[in-house]
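Down below is the structure, laid out as structure tokens.
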Amino acid sequence: AFLGLAPMAQAEDANYGNIKENAQGSLIIHKHLNGDGNPIGTVDGEGANGNAGAAVAGVQFTAYPITGINLKDPADWNKVSALSAPGAIPDSACADPTNPKLDGYGFEAGMTSPDTDTSGAATISSMPVKAYLVCETKTPGNIVQKAKPFVVTIPHPNTAAKADGTWLYDVHVYPKNEKIEVAKTIEDQRNNGYVVGSKVRFPVSSTLPKLDDNSYYKYYQFKDTLDNRLKQVTATDVTLGGTQLNGGPDYTLGTDGQTVTVTFTQNGLNKLKDNPGQKLQAVFEGVVSEAGDGSINNTAQLISDTTYAEQPPAPETPPANPDNPPTTEQVTSKWGDLTIKKVDGNDRSGDKDGLKGAEFQIYKAKDAYADTCSPEADGQPLTINGESTFTTGEGGTINFKALFVSDSVQDTGRDNRVDAPHRCYVLVETKAPAGYVLPADASRAITVEPGAGVTQQVVIDNVKQSVPGLPLTGANGMLIL
């Protein structure tokens with residue numbers, strides 16, 4: 001067995017001498033990514049010295065019998081030989097895989113393979129003695145460049161160097177693909193803020209593959225549907241190899257509800273083709289409005305396809321719901337909320353009255369992920385809409401609808417601990433309500449956990465100001481006559 005393909009019954013034994021004109025053969029396809037460029041197998045199924053790339057599952061090929069070539073006629077083998085000349089089979093022959101083109105020839109109905117399996121193998125069986133144009137007619141979404149069309153004959157003359165010179169009726173082929181992948185991360189939250197109203201930014205990137213000279217992108221699109229808790233969703237900072245691309249000339253930005261797309265124009269697609277190996281990136285972002293269940297999850301898709309052509313084709317509209325496109329791993333940004341209540345410390349009732357008019361500031365903690373939070377603040381007070389001081393209203397409460405806890409990205413130097421159960425903040429009372437005094441220690445350590453309502457409400461007492469004593473003893477007055 002070769003390349004994980006189980007031994008199979010021969011459709012017809014190989015032979016010397018005359019072609020068995022009424023025999024039936026098969027095409028055994030071994031589908032892999034580009035390896036080291038050397039052959040990985042031979043037409044008779046034997047191994048070769050090349051290193052195969054990873055097997056590709058889910059690919060279909062269609063073999064179209066060529067009308068006008070009769071392999072039972074010796075003269076028509078000259079036509080087959082002519083098709084081996086450079087350019088005789090244009091790379092664009094299968095640009096429309098359902099309607100192949102080959103100058104001077106027509107086609108009978110195609111014979112389609114099953115999907116290649118996990119070893120990259122598939123077989124088209126019961127193939128009469130004919131010449132066939134073979135097209136890749138179904139390709140997974142992560143394959144950016146299809147295999148070039150090729151012509152095969154059943155039988156095939158096994159006359160390569162060191163081959164046995166027989167007629168082969170079971171013919172092995174090894175078409176290659178170019179794969180594309182997409183990755184996503186989360187920008188360090190210290191760059192964008194820690195409180196409700198801050199942005200969360202998701203860089204999405206892909207390394208561009210090397211396309212064949214006459215292979216061109218039909219479309220190329222990054223697509224990201226952002227969580228409903230993120231408002232003002234958009235994409236920014238679209239770069240190629242670190243150089244900023246221009247919206248309009250190079251790409252268009254689309255928004256449909258929470259779905260944001262970056263779709264490259266003809267000018268942009270040309271730049272992508274001309275820069276293989278470069279990193280293409282777009283940053284998707286939104287503004288945090290609330291904590292919700294605490295986890296803001298995100299994935300993105302890369303939707304692309306190529307075609308072989310003599311000139312770059314006009315860009316096509318990417319499919320709205322492609323079949324299994326390359327998709328990033330999920331990343332998660334975790335947020336919690338915080339409610340504080342200011343109460344009268346002299347109130348001995350079970351449910352103390354809230355005090356309005358108390359002013360607070362909130363800070364990052366110096367040790368943000370300490371097991372036990374301490375009231376040592378780090379840096380300047382955090383701001384929401386430019387305000388850093390927050391005042392209790394009726395009922396004596398302030399609600400911070402979202403405070404950053406952690407995210408799922410592990411990287412040295414980030415202000416983050418992956419899967420942290422909480423994050424520490426410091427709350428500082430800067431002004432007591434009228435008639436009350438600030439506590440002796442106005443700073444308090446706060447432990448924020450992911451999710452709305454998970455962090456326990458923080459209740460802070462204020463006691464009333466002292467005032468001059470009143471004459472309450474009933475002392476005698478004095479009369480002078």
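All figures in this text were calculated on a predicted structure; none of them were measured in a lab.
- Checked for salt-bridge contact, Arg414 and Asp188 miss the test: no charged N lies under 4.0 Å from a carboxylate O.
- Contact of the Tyr308 side chain with the Gln145 side chain is registered, since non-hydrogen atoms from C-beta on lie closer than 4.5 Å.
- Side chain of Thr62 to main chain of Cys135: no donor-acceptor pair is present (N/O by atom type, distance under 3.5 Å, no hydrogens or angles).
- With rounding to the nearest 0.5 angstrom, the OH atom of Tyr194 is 9.5 Å from the CH2 atom of Trp335.
- Smallest separation of non-hydrogen atoms from Pro114 and Ala122: O-CB, 3.5 Å.
- Counting non-hydrogen atoms of neighbouring residues, nucleotides and ligands closer than 6.0 angstrom, the CG atom of Asp103 reaches no more than 12 such neighbours.
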Are Thr139 and Val56 close enough, and set up right, to give a side chain to side chain contact (heavy atoms under 4.5 Å, CB included), and what steps lead you there?
CA-CA 9 Å; Thr139 307; Val56 182; over 6 Å; no
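- Side-chain atoms of Lys148 and Asp212, non-hydrogen and from C-beta on, do get closer than 4.5 Å to each other.
- In terms of modelled atom types and a separation under 3.5 Å, the side chain of Thr327 and the main chain of Pro325 share a donor-acceptor contact.
- Between the side chain of Asn214 and the backbone N or O of Glu310, no donor-acceptor pair lies under 3.5 Å.
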I would like to know whether Arg417 and Ser406 meet side chain to side chain contact (heavy atoms under 4.5 Å, CB included); could you show each step before the answer?
CA-CA 6 Å; Arg417 179 181 293 172; Ser406 67; 5.6 Å; no
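- Contact annotation: the side chain of Asn99 never approaches that of Phe107 to less than 4.5 Å [non-hydrogen atoms, C-beta and beyond].
- Of the N and O atoms on the side chains of Ser26 and Asp170, at least one donor lies less than 3.5 Å from an acceptor on the other residue.
- Between Ser215 and Asp91, the closest side-chain pair of non-hydrogen atoms is not below 4.5 Å.
- More than 12 heavy atoms of other residues, nucleotides or ligands lie within 6.0 Å of CG in Asp411, so this atom counts as buried by the packing criterion.
- Classification of Arg423 and Asp415 as a salt-bridged pair holds, one side-chain N sitting under 4.0 Å from a carboxylate O.
- Crowding of Asn78 atom CG: a count of heavy atoms from other residues, nucleotides or ligands under 6.0 Å exceeding 12.
- The nearest pair of heavy atoms linking Ala55 to Gly120 is CB-N, 3.7 Å.
- Counting non-hydrogen atoms of neighbouring residues, nucleotides and ligands closer than 6.0 angstrom, the NZ atom of Lys366 reaches no more than 12 such neighbours.
- Listed here is the closest heavy atom pair of Ile19 and Trp77: CD1-CZ2, 3.5 Å.
- Taking the side chain as every heavy atom from C-beta outward, Asp224 and Val233 never approach each other to under 4.5 Å.
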Test side-chain hydrogen bond (donor to acceptor under 3.5 Å, both in side chains) applied to Asp407 and Ser333, step by step:
CA-CA 4 Å; Asp407 64 44; Ser333 182; 5.5 Å; no
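- Note that NZ of Lys364 is 4.5 Å distant from CG of Asp378, once rounded to the nearest 0.5 Å.
- The aromatic rings of Tyr220 and Phe264 lie perpendicular to each other, with more than 60° between the two planes, well past the 30° mark.
- Glu136 pairs in a salt bridge (charged side-chain N to carboxylate O under 4.0 Å, His left out) with only one of the listed residues (Lys176, Lys146, Lys31), which is Lys31.
- Side chain of Thr207 to main chain of Lys279: no donor-acceptor pair is present (N/O by atom type, distance under 3.5 Å, no hydrogens or angles).
- Minimum interatomic distance between Lys210 and Pro276 (heavy atoms only, all atoms of both residues): CA-CB, 3.6 Å.
- The main-chain N or O of Gly68 is found under 3.5 Å from a side-chain atom of Lys79 such that the two form a donor-acceptor pair.
- A 4.5 Å side-chain heavy-atom check between Thr185 and Val331 finds every atom pair outside the cut-off.
- At a cut-off of 3.5 Å, with distance as the only test, a side-chain donor of Gln221 or Thr263 sits close to an acceptor on the other residue.
- Atom CG of Asp73 is surrounded by more than 12 heavy atoms from other residues, nucleotides or ligands within 6.0 Å.
- A donor-acceptor pair under 3.5 Å is formed between the side chain of Thr306 and the backbone N or O of Val144.
- Comment: Arg201 engages Asp237 in a salt bridge, judged by a side-chain N to carboxylate O separation of less than 4.0 angstrom.
- Here OG1 of Thr166 is found 9.5 Å from NE2 of His156. Values are rounded to the nearest 0.5 Å.
- For the ring-ring contact (aromatic ring centres under 6.0 Å, His included) test, no residue two or more places apart in sequence or in another chain qualifies with Tyr425.
- Other residues, nucleotides and ligands contribute over 12 non-hydrogen atoms within 6.0 Å of the CD atom of Glu108.
- A side-chain donor-acceptor contact under 3.5 Å links Thr265 to the backbone of Pro249.
- With values rounded to the nearest 0.5 angstrom, Thr383 atom OG1 is found 12.0 Å from Ile362 atom CD1.
- Note that CD of Gln278 and CG of Leu240 are 6.0 Å apart. Values are rounded to the nearest 0.5 Å.
- Ser84 places no side-chain N or O within donor-acceptor distance of the main-chain N or O of Val80, the cut-off being under 3.5 Å.
- The environment of Lys401 atom NZ is sparse: at most 12 non-hydrogen atoms of other residues, nucleotides or ligands sit within 6.0 angstrom.
- To the nearest 0.5 Å, atoms CG (Leu253) and OG1 (Thr261) are separated by 6.5 Å.
- In this model, a donor atom of one side chain and an acceptor atom of the other lie less than 3.5 Å apart for Asn192 and Glu187.
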Check step by step if side-chain hydrogen bond (donor to acceptor under 3.5 Å, both in side chains) holds for Asn70 and Asp76.
CA-CA 6 Å; Asn70 179 8; Asp76 280 13; 5.4 Å; no
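- Side-chain contact between Pro326 and Glu181: absent, with no pair of heavy atoms (C-beta onward) separated by less than 4.5 Å.
- Taking the six-membered ring for Trp and thresholds of 30 and 60 degrees, His30 and Tyr174 have nearly parallel ring planes, at less than 30 degrees apart.
- For residues 243-254, the pairs satisfying side chain to side chain donor-acceptor pair (under 3.5 Å) are Asp250-Asn267, Asp250-Lys271, with sequence neighbours left out.
- Summarising the geometry of Pro90 relative to Leu102, their closest heavy-atom pair is CD-CD1, 4.0 Å, with the distance given to 0.1 Å.
- In this structure, the side chains of Ile154 and Lys130 stay at 4.5 Å or more apart for every pair of heavy atoms.
- Of all heavy-atom pairs spanning Phe61 and Thr137, the tightest one is C-OG1, 3.8 Å.
- A donor-acceptor pair under 3.5 Å is formed between the side chain of Thr153 and the backbone N or O of Pro155.
- No side-chain donor-acceptor contact under 3.5 Å links Thr299 and Thr328.
- Counting heavy-atom neighbours within 6.0 Å of Lys199 NZ, excluding the residue itself, gives a total of 12 or less.
- For the residue pair Asp44 and Thr42, a side-chain donor N or O sits within less than 3.5 Å of a side-chain acceptor on the partner.
- Applying the side-chain contact (heavy atoms from CB on, under 4.5 Å) rule to Glu449 yields the partners His422, Val454, Thr455; only residues at least two apart in sequence or on another chain are considered.
- Of the possible polar contacts, none joining the Asp117 side chain to the Ala57 backbone as a donor-acceptor pair under 3.5 Å is found.
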